[in-house]
Amino acid sequence: MREYNVAILGATGAVGTRLIQQLEQSTIPVKSVKFLASSRSAGKQLAFKGNPITVEETTPDSFEGVDLVLASAGGAVSKRFLPEAVKRGAVCVDNTSAFRMDPDVPLVVPEVNESALERHHGIIANPNCSTIQMVVALEPIRQAFGLKQVIVSTYQAASGAGQQAWNEMNAQAQQHLNGEEMTSTIYPVKGEAKHYPLAFNLLPQIDVFEDGGYTHEEWKMIHETKKIMLDDMDAKAIKVTATCVRVPVGIGHGEAVYFEVKDEQNASREKIQQLLAKAPGVVSDNLLKGAAWNTVQIAEKLVEKNLVSVTKR
Ligand code: NAP
Ligand code: 3JN
């Protein structure tokens with residue numbers, strides 16, 4: 001049986017720490033693991049199945065001898081390092097948006113479009129967390145009755161914005177309860193000029209605003225849904241619109257999804273409830289099904305299908 005040398009890129013982050021846990025529990029035969037991050041965390045000790053592993057600073061040569069990369073260190077880091085990993089023969093499952101809209105990169109939720117994995121060229125993209133949990137619930141309905149239109153409103157947890165942002169919300173809550181002024185340096189978008197507290201608040205902005213008035217998070221939900229379900233990021237066959245809101249909750253994105261089916265004659269609330277009751281993967285957690293678990297599920301499918309190879313397809 002083939003065993004795999006695995007690297008986790010972004011191993012110290014909110015998603016990366018869950019990637020480690022999911023890999024520990026997965027069916028993938030792991031020969032070795034490498035935990036990669038920036039120079040800030042180099043030397044830090046983490047564990048894999050009880051064995052200490054020292055975090056290493058990422059360089060192109062970190063990927064020598066690696067078969068499988070699970071990446072979650074931000075889009076810029078993926079753009080810089082994943083082509084280097086592929087060049088060295090590794091297959092990469094990327095949790096960032098860096099390659100999601102690349103027509104050569106499959107964007108995969110195994111419950112919906114597992115077969116797209118067959119077309120990979122070394123990089124497979126994991127969708128945005130809000131997209132994943134929505135399409136997993138919509139796909140059985142689409143299969144049974146067809147879909148015409150989707151209107152989604154999200155209620156997204158603090159952890160979706162990363163470990164630092166999540167810490168900031170917890171600190172704000174403590175400050176507020178102590179009667180102090182809340183310190184805001186991250187939400188809604190790190191690096192923007194104006195910041196607002198998330199504790200005891202709702203922020204109707206996730207990621208930057210696009211020209212059309214949608215935020216980038218909303219744009220991702222619209223185009224990723226079309227690419228996953230119809231293999232075309234601009235498909236017209238299903239109309240999709242999204243409104244994304246950050247809520248002061250640690251983990252667990254909520255979504256209210258309005259949809260219209262094609263086959264209205266045969267669809268009913270009872271039939272849809274029955275479909276969802278037996279659909280796999282419908283219960284969601286933004287850091288698990290929305291990120292780490294979906295990434296490891298993709299890696300498990302690649303192993304099962306003998307697709308952990310850049311040349312053999
Ligand atoms: P986080 O908690 O801020 O963690 C960021 C991770 O990236 C840390 O391990 C960090 O290492 C590492 N990193 C940062 N700069 C690096 C560099 N130059 N080289 C190598 N590693 C570097 O963020 P997170 O919430 O885990 O999210 C990480 C990324 O995952 C996001 O930026 C996003 O692209 C993606 N994500 C996807 C979803 C989804 O919807 N599927 C959800 C959340 C996040 P240090 O410890 O050294 O700083
Ligand atoms: O905010 C959330 O709840 C989900 C955030 C996802 C995210 C955060 C930073 C960068 C992404 C993503 O996966 O879409 C990215 C990214 O664009 O890579």
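Just follow the structure's listing: the first ligand is 1, and inside any ligand the first atom is 1. Quick caveat: nothing in here was measured; it's all calculated off a predicted structure.
Using modelled atom types, one finds no donor on one side chain facing an acceptor on the other under 3.5 Å when comparing Thr243 with Tyr214. There is a side-chain donor-acceptor pair under 3.5 Å between Gln156 and Thr154. Side-chain contact annotation: Thr59 with Asp61, donor-acceptor N/O pair under 3.5 Å absent. Side-chain N/O atoms of Asn167 and Gln163 include a donor and acceptor closer than 3.5 Å.
Ligand 2 is approached by Arg100 to a heavy-atom distance shorter than 4.0 Å. Using 4.0 Å as the threshold, Asp207 has no heavy atom nearer than that to any atom of ligand 2.
If you look at Asn95 next to ligand 1, the close heavy atoms, those under 4.0 Å, come from the backbone and the side chain alike. Neither the backbone nor the side chain of Met221 has any atom closer than 4.0 Å to an atom of ligand 2 (non-hydrogen atoms only). At a heavy-atom cutoff of 4.0 Å, ligand 1 is contacted by no atom of Ala76, backbone or side chain. Heavy atoms of Cys129 found under 4.0 angstrom from ligand 2 belong exclusively to the side chain. In Asn294, neither the side chain nor the backbone holds a heavy atom less than 4.0 Å from any atom of ligand 1. Of the heavy atoms in His216, none comes closer than 4.0 Å to ligand 2. Looking at Thr58 against ligand 1, only its side chain comes within 4.0 Å, counting heavy atoms. Residue contacts with ligand 2 for Ile206 involve side-chain atoms from C-beta outward but no N, CA, C or O (heavy atoms, distance under 4.0 Å).
The main-chain N or O of Val308 is never found under 3.5 Å from a side-chain atom of Asp67 such that the two would form a donor-acceptor pair. In this structure, the side chain of Lys271 engages the main chain of Asn266 through a donor-acceptor pair within 3.5 Å. Judged purely by atom type and a 3.5 angstrom limit, His216 has no side-chain atom pairing as donor or acceptor with the backbone of Asp207. For Gln175 (side chain) and Thr183 (main-chain N/O), a donor-acceptor pair under 3.5 Å exists by modelled atom type.
Inclusion of Ala161 in the set of residues having an N or O under 3.5 Å from an N or O of ligand 1 is not warranted. Between Ser41 and ligand 1, an N or O atom pair is found at a separation short of 3.5 Å. Ligand 2 has no nitrogen or oxygen under 3.5 angstrom from a nitrogen or oxygen of Glu217. Remark: ligand 2 and Asn128 share an N or O pair separated by less than 3.5 Å (distance only, no angle test). Note: no N/O pair closer than 3.5 Å links Leu36 and ligand 1 by distance alone. Of the N or O atoms in Gly10, one or more lie within a sub-3.5 Å distance of an N or O in ligand 1. Of the polar atoms of Gly290, at least one N or O is found under 3.5 Å from an N or O of ligand 1, judged by distance alone. The distance criterion of under 3.5 Å between nitrogen or oxygen atoms is met by His253 with respect to ligand 2. Considering backbone and side-chain atoms alike, Ser38 places an N or O below 3.5 Å from some N or O of ligand 1. At least one N or O atom of Pro127, backbone or side chain, sits closer than 3.5 Å to an N or O atom of ligand 1.
Taking the side-chain contact (heavy atoms from CB on, under 4.5 Å) definition, one finds that Lys226 meets it with Ile222, Ala235, Val240, sequence neighbours left out.
In this structure, atom 17 (O) of ligand 2 lies nearest to the protein heavy atom Ser97 OG, 2.5 Å. Summary of contacts: the protein heavy atom closest to atom 23 (O) of ligand 1 is Gly162 CA, 3.9 Å.
The existence of a salt bridge linking Lys227 and Glu224 is excluded, since no basic side-chain nitrogen approaches an acidic carboxylate oxygen closer than 4.0 Å. Between Lys148 and Glu264 there is a salt bridge, since a side-chain N of the basic residue sits under 4.0 Å from a carboxylate O of the acidic one.
Residue-environment remark: NZ (Lys49) exceeds the threshold of 12 foreign heavy atoms within 6.0 Å.
Between the choices Ala14, Ala125, Gly160, the shortest heavy-atom distance to atom 2 (C) of ligand 2 belongs to Gly160. For atom 1 (O) of ligand 2, the choice among Gln156, Glu224, Arg246, Lys190 with the nearest heavy atom turns out to be Arg246.
Cation-pi contact between Lys194 and Tyr196: present, with separation from the ring centre below 6.0 Å and deviation from the ring axis of at most 45°.
Atom numbering of ligand 1 starts at 1 in the shown order; those under 4.0 Å from a heavy atom of Arg40 are 14 (C), 15 (N), 47 (O), 48 (O). Residue Asn126 has at least one heavy-atom neighbour below 4.0 Å for each of these atoms of ligand 1: 41 (N).
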